[in-house]
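Order of the sequence lines sets the chain letters (A, B, ...), proteins ahead of strands, with each chain counted from 1.
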2 protein chains.
Amino acid sequence: MVSIEATHQGSTRDRILIAADDLFYRQGFEHTSFAHIAQAVEISRGNFYHHFKSKDEILDAVVERRLAFTGELLKQWEVQARDPVGRIHLFIDLLTRNEKLIVRYGCPVGSLCTELGKLEHAALEQAKQLFSLFRTWLRRQFTSAGCRRGADIWAMQLLARTQGAATLASALQDEQFLGREVSAMHAWVDDVCSRFASPCS
Amino acid sequence: MVSIEATHQGSTRDRILIAADDLFYRQGFEHTSFAHIAQAVEISRGNFYHHFKSKDEILDAVVERRLAFTGELLKQWEVQARDPVGRIHLFIDLLTRNEKLIVRYGCPVGSLCTELGKLEHAALEQAKQLFSLFRTWLRRQFTSAGCRRGADIWAMQLLARTQGAATLASALQDEQFLGREVSAMHAWVDDVCSRFASPCS
DNA sequence: GTCTATATAATGATAGAC
DNA sequence: GTCTATCATTATATAGAC
């Protein structure tokens, strides 16, 4: 994975996108103004319009960037774990790795889609695809694990469970609950894959 | 339950609260301006400040109103169903009764808490109590159903599952998924209460 | 490519007539 | 209790110098 994230280098356009992504997540899209992003990137407000025509265009680019990173992440997991069940566990562990952020701000995907839905923002269609990426990938892992029937159901259930855990944990600021849910999800995956895997593969 | 909701009667203050509640839910708190509310209530913008000192004060009153309605709803369910398991099913059915709205705008409680968290709004503390009301009530039902151990765990799991179902269903605009999750939750409750209920009560 | 103005619109909030 | 008129602030967005 290209580590543009951690550095202060990169083109101004990239730095805008990185700052905007972070602020859209922590403050929400609408509540984040150009002034906020400008302060983070340390450029003037007027400079934005050389790189993006409008705030909506920044959002589009942010979502595109997230889609690209998510795709890379999913590829990584396929290398890190050979067996599909192990890969699903890697997905669940994402909640643990980003624990602090999730307890504070919820899931970046879920909260963005919820906000864009209320704003009736056209970018929701693209943001939804973040879910679709995870959904398709998880479905493939469940199928590979031997769950020929209902792989999409299991994928959606797991996805929903992560959303519920993130929403409730962040609303109540309860990281112990998040940890318990993560453990329960790990156990659930093992249970599902052992119970519903076709004996004759 | 007092049916102020359905009527155009009531004091101006109440009509403001009803319209604000609806708009905060559908459009989000920050995205809803006085102009929006004024148009819905059919009063002038300046008239607001006779009833509320600020927008935040309207939010506080809206949350207080929701807390009161939620309390009434929980009381109703205790009358409608004698057995605790039946009461839990009534809670789950709330997702079905509000299906259209939830698929479109998500859960009113979860999405409000998520937004207020990102805005670092003080009213989050009150909004959280909406979850606490459901949590305490569900815990009591699980306990009454015989689940002496882990009643709070079951309550939180169910609460989280409704949040996940609402978030994902609204993000993907998938009401079939919501329906499937509701069915699965009904089955899950019966399973939990039969497996974990103490034999000797 | 970056900056300093500036235009324009919308917002929350106030003052005062009726 | 409701209205109109207005203020101060903030927001997105533009124009043009360097």
D:dG1 C1' sits how many Å from B:Glu42 CD, rounded?
17 Å

Salt bridge present between B:Glu42 and B:Arg15 (N-O < 4.0 angstrom)
no

Should A:Ile16 and A:Asn47 count as side-chain neighbours, where that means a heavy-atom distance under 4.5 Å?
no

Counting just side-chain N and O atoms, does A:Ser33 come under 4.0 Å of either OP1 or OP2 of D:dA11?
yes

Under 4.0 angstrom, heavy atoms only, what part of the nucleic acid is B:Ser44 near: base, sugar-phosphate, or nothing?
base

In whole angstrom, what separates A:Phe48's CZ from C:dT6's P?
21 Å

Nearest-Å distance for atom pair NZ/P, residues B:Lys53 and C:dG12
19 Å

Rounded to the Å, how far apart are A:Phe34 CZ and C:dA5 P?
20 Å

Can you tell me the distance, in whole Å, between the OH atom of B:Tyr49 and the P atom of D:dT4?
16 Å

Taking for A:His51 and for A:Arg45 the nucleotide of DNA chain C with the nearest heavy atom, the one nearer the 5' end belongs to A:His51

To the nearest angstrom, how far is B:Asn47 atom CG from C:dA17 atom P?
17 Å

Kindly check if the number of other-residue, nucleotide or ligand heavy atoms within 6.0 Å of CD (A:Gln173) is above 12?
yes

Take atom CZ in A:Arg82; do more than 12 heavy atoms of anything else shown fall under 6.0 Å from it?
no

Rounded to whole angstroms, how far apart are CZ on B:Phe52 and C1' on D:dT2?
15 Å

Atom CD1 of A:Ile16 and atom P of C:dT2: how far apart are they, to the nearest Å?
8 Å

Consider the side chain of B:His50, meaning its heavy atoms from C-beta on, and name the nucleotide among C:dT11, D:dT2, D:dA13 that approaches it most closely.
D:dT2

Report yes if at least one side-chain N or O of B:Thr12 is closer than 4.0 Å to OP1 or OP2 of D:dT2; otherwise report no.
yes

